[in-house]
Every structure is written in structure tokens, then in C-alpha cells.
Amino acid sequence: MPAVALTTPLYYVNDLPHMGSAYPTIAADALARFYRMTGTPTLFVTGCDEHGQKIQQAAAKLNRTPQEHCDLMVEGFKSLWQLLDIQYDRFVRTTDARHYPIVKEFFQRVYERGDIYPGQQQGWYCVACEEFKEERELLEGNKCPIHPTVTCEWRDETNYFFRLSRYQEALEELYRQQPDFIQPQSRRNEVVAFVQQGLRDFSISRYTTWGFPVPIDESQTLYVWFDALLGYITALLEPQDAPTLANALKTWYPIHVHIIGKDILRFHAVYWPAMLMSAGLPLPRQVFGHGFLTKDGLKMGKTLGNTIDPFALVKQYGADAVRYFFLKEIEFGKDGDFSEQRFVEILNADLANSLGNLLNRSLGMVCKYCDSKVPSRGYDLSTACAQMVQQVQRSYEVLAFQEVCQAVLAVVREGNKLIDDRAPWKLYKAGAQAEVEQILYSVLEALRLVGLCLYPITPSLSSKIWRQLHLEPRFLWTEAVWGGLEPGRDLPKPQPLFERIEVKQ
RNA sequence: GGCAGCGUAGCUCAGGUGGUUAGAGCGAAGGUCUCAUAAUCCUUAGGUCCCGAGUUCGAGUCUCGGCGCUGCUACCA
């Protein structure tokens with residue numbers, strides 16, 4: 001079975017993680033859990049991107065050294081991932097000692113290929129922004145649009161450039177040959193349009209200090225993106241191996257999918273494959289750009305003060321609730337909205353009322369009518385479940401988490417409907433024991449499969465379902481077939497699976 | 001400005017190649033059952049499918065023109 005490596009972005013550590021960092025990490029974790037469940041060798045990579053001037057500034061403002069600052073931020077990320085039940089295999093840091101050898105080796109390859117050359121970086125530079133401005137965006141008298149009192153100065157620096165222009169055709173060919181290289185479609189269109197208008201070489205070095213020295217010129221440091229993207233490769237190193245490119249590439253390369261935000265699409269869908277082509281390496285199979293989150297219909301931002309604090313959200317509602325909401329309620333790839341009211345409604349409707357209560361009511365009846373033992377087999381929901389399993393697998397493979405949830409909920413609804421239609425309590429009183437057992441078996445077995453299907457999204461909820469079915473919560477996709485519950489086994493007394501969230505007014 | 005996409009029930013959205021009474025989930029209202037976490041199940045929502053024109057026997061579904069919204073239009077990540 002081919003190995004699968006998948007990545008989140010390597011988050012920039014200028015600040016603690018926000019919901020925008022948690023979102024793709026949740027998705028990546030779900031995907032990784034799905035692959036592991038199917039028995040695929042899986043490597044889930046996340047980490048942090050720690051170089052660059054912004055970090056240096058953020059650290060200075062807080063009276064820290066850049067490294068101290070990075071260390072602190074990284075702890076913040078790791079603790080959030082723990083709260084959210086994120087099971088990553090590798091946490092790569094671009095300040096790691098093992099990263100630079102990889103970067104150097106990669107740089108050398110690209111350099112020998114003739115794709116790195118010194119050139120002039122010219123333009124109007126705003127000292128306040130610390131960046132070059134496009135001539136057309138300047139105000140009267142070469143004033144900066146963001147700092148209207150600052151006159152931009154003409155700068156003419158010698159930087160090293162990457163010969164991106166050389167790869168225009170190859171990239172266009174890539175997008176043609178591999179139409180799903182960039183997902184979703186709308187993002188692909190943007191990238192194709194961007195590349196079509198012509199690619200310019202871009203500078204990959206800066207005169208700043210917080211970064212790796214340019215291997216052929218120690219007076220400059222590498223542009224953060226150059227070493228950040230290579231973090232994906234460093235992450236593939238086995239802990240015991242020496243940091244060489246050959247070691248990094250031997251097991252997990254090429255990467256199956258990069259899950260990223262649409263804001264960094266260009267770096268992953270244009271620069272990154274071009275860099276890899278230059279180094280003579282295979283390309284990732286897919287770059288998936290997810291959408292952005294809004295809160296109550298508004299863009300989130302520190303200035304508006306309407307950010308979602310993922311720490312607070314998880315602490316209040318739990319990891320499963322947060323994971324479920326964002327994967328179920330927002331189509332992966334599109335923008336989506338968070339509102340606390342919607343959040344509570346969805347969780348109550350789906351997890352507490354439909355799913356939780358189904359488990360509770362059916363287990364309750366098993367206690368009363370079947371002596372707390374798994375009843376004899378029934379097959380009422382077997383067809384529905386077979387469809388669900390098929391759909392769920394297809395959906396996970398294309399990162400359509402919303403579809404996964406919908407397929408699962410359809411079965412849950414059928415389970416509730418089956419009970420209402422057949423009314424086991426009446427059958428029991430009428431002495432139709434065999435029929436009662438078949439119905440209840442069908443529902444419990446469906447719930448076993450529901451737990452399995454939902455495991456990548458709500459791991460601890462699924463574990464709770466399985467424990468209430470007296471099963472070891474070890475989820476394997478080979479068990480996604482009807483009939484796994486063995487009649488006659490003892491069942492515990494039902495416990496509420498997911499407590500309703502009561503809104504306090 | 002250019003390019004791309006979108007605008008369908010209160011909310012979030014489905015609606016290949018045009019064809020009977022436009023669908024789902026959530027929310028809301030009414031009802032039902034009693035196994036259950038006052039959960040479930042059933043029914044209802046009478047929606048200008050953004051507007052206008054056109055093509056057609058027939059358009060939410062194609063064409064054109066408006067209006068509105070979003071994204072991209074390169075070196076902060």
C-alpha cells in the first residue's frame with residue numbers, strides 16, 4: 001500500500017494560533033486518521049515557520065530574542081493541538097538544527113541547475129512597512145498608501161533571484177496534466193490565470209538577520225518562504241537519520257496532499273512546484289486550498305476584536321464539538337461562517353438529539369427487553385449502512401468531510417425512524433421478542449458503523465459509542481461491514497453520549 | 001479597469017447534457033408516540049429561483065444586458 005504524507009501549513013509564529021490555524025489542522029487530522037484507519041502508512045506533518053523579519057519584530061516588541069519568542073509560540077501551538085486531539089506524526093520547526101543542512105543541499109541543487117542568480121531588487125520601499133511597494137499604489141509624492149506621512153525611498157539592492165520564469169511552461173503543463181493538482185476548482189482557475197499572465201523571477205534573499213544565511217553569500221539570509229516550504233521535506237526525516245536530502249526523500253516522498261489556506265496558495269501551487277522541478281524532485285500530488293472563516297458574517301480581525309479563540313472554544317465545548325462543527329457545517333474549500341448560535345444548534349441537533357439519543361434509547365431498550373445483551377442479528381439497516389460506508393470512503397478521499405457527516409446522519413435518521421415505525425416497546429408487550437431483537441440489533445450495529453465512519457472527525461465521541469457497545473475502540477476500516485456486533489455479549493447501562501448544550505440567556 | 005465565480009425557502013446550501021406540482025438540513029409552527037438527553041417521528045413553510053430582454057413548444061437550468069457580492073490581478077507571511 002503506497003505511503004501517504006499529508007501536511008498542514010507550517011504556521012507562522014508571529015502570534016499564538018487562531019481559529020484559522022486550527023481549522024486546516026483539524027481537517028488534516030481527520031484525513032490522517034482516515035488513512036491510518038484504512039491501514040495506509042500515514043505521516044501527518046505539521047509545524048511552524050519561524051524565520052523572517054516579522055518574527056524578529058514581534059519578538060523585539062515583547063522584549064524577547066527571536067528564538068525565545070518562537071519557542072513560546074510553538075508551545076502554544078502544541079498545546080492547542082493537544083486540546084483538539086490532533087495526532088500529528090511530525091512537528092517540524094524551521095529553526096531546527098536539522099533543517100539547515102536540507103535547505104543547503106536543496107539550494108545547492110537549484111544553484112547548480114543555474115536557477116539562482118544575483119540581481120537587482122529595485123523599487124519604492126516604505127520604511128514603516130518594511131516592504132517594497134508597487135509604483136501604481138503610491139500616493140502623490142511617492143507617499144506610502146498605508147503610511148501617508150512617509151515618503152517611500154528608492155532602493156536598489158542586490159538580491160539572489162530564483163528563475164521562476166523558466167518554469168512557466170512546465171507549470172502550465174502540470175496544471176493541464178493533473179487537473180486536480182490544485183483543489184478546489186475555483187482556486188485552480190485563479191492559479192492558472194496567474195501563471196498565464198507571465199511569471200517573473202522572485203528574490204529569495206534579504207538583508208535581515210533572522211534567517212538562514214544564503215549558502216553562497218553569508219551577508220544575506222534566505223527569504224522565509226524558501227526555507228519554510230522546505231520544512232515539508234525536513235519533516236519527512238526519520239528521527240534517527242542524518243539530515244540529508246536522500247534520507248528525507250526515501251520513505252514518505254512525494255507528499256500526497258498539502259492542506260493550506262487560500263492565502264498561501266500561490267506559494268504552494270506555483271513557487272513550490274517550480275522549486276522542486278528545479279531541484280529535479282517529484283511534485284506533490286495535490287494542493288488543497290481551504291476557505292476562510294467569518295464570524296457572524298464578518299471578517300475576523302484583531303482590529304474588530306471579533307476573533308474566535310480556539311482555546312476557549314475547546315475548553316467550553318470539547319474537541320469533538322469543535323471538530324464536528326467546522327468539518328460538518330462548512331464545505332471544505334469554501335468560506336464558512338461561525339456563529340455561536342449556529343454552533344449550539346448543530347451540535348444539539350446532530351450529536352445530542354439525533355445520534356446521542358439514538359444510542360441512548362436503543363441501549364435502554366436492550367437493557368429492558370434483552371437482558372442487557374447484544375440481541376440476535378437483524379439486517380434492517382444493512383443496505384443503508386453499506387451505502388454509507390461506500391459514500392464515506394469516497395468522501396474522505398476527496399476531503400469532503402461535510403459529505404461524510406451527511407451520509408452518517410442519513411443512517412442515524414433512518415435508525416430513529418426504524419424505531420418509531422416498528423415501536424419495539426409495543427412488540428415487546430405483544431410478545432414478539434424475535435422481532436424486537438432484530439430491530440435493536442440493527443440499530444446498534446448501525447451505530448457501530450456510524451462510530452467507525454465518524455472516528456476521523458470525532459475520535460473520542462466514536463470511542464464512547466464503541467465502549468457503550470462494549471467494543472475496544474480500535475478503528476479499522478476492514479470492520480466497516482455489517483455484522484460486527486456479536487449477539488449475546490453483555491452491554492453496559494447507557495450513558496448520555498453527548499450532553500445537550502443548554503443556552504443560558 | 002481586466003479575469004473568474006456567485007446571487008434559489010428565515011439560515012446554510014442541492015439542483016449532469018433545458019421538460020410534470022423547485023428540493024434537503026437547521027430554525028419556526030402544529031401534531032404523534034412514550035423506548036430515550038422535553039429527545040424521536042409526521043405534517044406545514046405557499047419561496048418575484050437578483051432584475052430585464054432574448055432563444056425555445058417549454059428555462060432556476062442556455063444567450064445578451066443590468067444590479068449586487070466575493071476572489072485573483074506576485075515578492076508581509
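Just so we're on the same page: letters track the sequence lines, and every chain starts at 1. Scope of the values below: all heavy atoms of this structure, side chains included, with no hydrogens, waters or symmetry mates.
Note: CG (A/Leu355) to P (B/U40) measures 12 Å, nearest angstrom. A/Ile182 has its CD1 atom 14 Å from the C1' atom of B/A4, to the nearest Å. Put simply, CH2 on A/Trp272 is 19 Å from C1' on B/A74, counting in whole angstrom units. Atoms CZ (A/Phe338) and C1' (B/C11) sit 16 Å apart, rounded to a whole Å. The distance between atom NZ of A/Lys295 and atom P of B/C11, rounded to the nearest whole Å, is 21 Å. Rounded to whole Å, atom C1' of B/A4 lies 13 Å from atom NZ of A/Lys262.
Judged by closest nucleotide on RNA chain B, A/Gly364 is the one of A/Trp225 and A/Gly364 placed further toward the 5' end. Ranked by how close their nearest RNA chain B nucleotide is to the 5' end, A/Lys429 and A/Phe194 are led by A/Lys429.
Figure legend. B/U48 is base-paired to no nucleotide; pairs are counted as Watson-Crick or G-U wobble with both atom distances under 3.5 Å. Applying the Watson-Crick and G-U wobble criteria (two distances, each under 3.5 Å), B/A39 pairs with nothing in any strand. Across all strands shown, nothing is found opposite B/G16 as a Watson-Crick or G-U wobble partner with both distances under 3.5 Å. Remark: B/U56 base-pairs with no nucleotide in the shown strands. Criterion, Watson-Crick or G-U wobble with two distances under 3.5 Å. Under the Watson-Crick and G-U wobble criteria, each requiring two contacts below 3.5 Å, nucleotide B/U70 is paired to B/A4.
Between A/Phe161 and A/Phe202, the distance from one ring center to the other does not fall under 6.0 angstrom. With ring centers used as reference points, A/His258 lies 6.0 Å or more from A/Phe288. Residues A/Tyr117 and A/Tyr160 place their aromatic rings such that the two centres sit no closer than 6.0 Å.
In the model, A/Tyr207 has no side-chain atom that pairs as donor or acceptor with a side-chain atom of A/Asn159 under 3.5 Å.
Among the atoms of the strands shown, none is found under 4.0 Å from any heavy atom of A/Gly289. Across all strands, A/Phe498 comes closer than 4.0 Å to base atoms (heavy-atom distances). Counting non-hydrogen atoms under 4.0 angstrom, A/Leu497 reaches a base of the nucleic acid. Nucleic acid contact class of A/Ser203 (heavy atoms, under 4.0 Å, all strands): base.
In terms of phosphate contacts, A/Lys368 brings a side-chain nitrogen or oxygen within less than 4.0 Å of OP1 or OP2 of B/A36. Between B/A77 and A/Tyr223, a contact under 4.0 Å exists linking OP1 or OP2 to a side-chain N or O.
Using a 4.0 Å cutoff on non-hydrogen atoms, the parts of residues 415-422 of chain A near RNA chain B are A/Asn416, A/Lys417, A/Asp420, ordered by number.
You won't find any donor-acceptor pair under 3.5 Å spanning the side chain of A/Asn360 and the base of B/A36, going by distance alone.
In this structure, the aromatic ring of A/Trp425 is positioned over the six-membered ring of the base of B/C35, centres within 5.5 Å and planes within 30°.
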When you check every protein heavy atom under 4.0 Å of nucleotides 25-30 of chain B, what one-letter string (B, S, -) results, 5' to 3'? BBS---
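Closest to the side chain of A/Asn357, from the set B/U37, B/A74, B/A77, is B/U37.
Across every non-hydrogen atom of A/Ala235 and A/Val45, the tightest pair is CB-CG1, 3.5 Å.
Applying the salt bridge (charged side-chain N to carboxylate O under 4.0 Å, His left out) test between A/Arg93 and each of A/Asp71, A/Asp49, A/Asp227 identifies A/Asp71 as the sole match.
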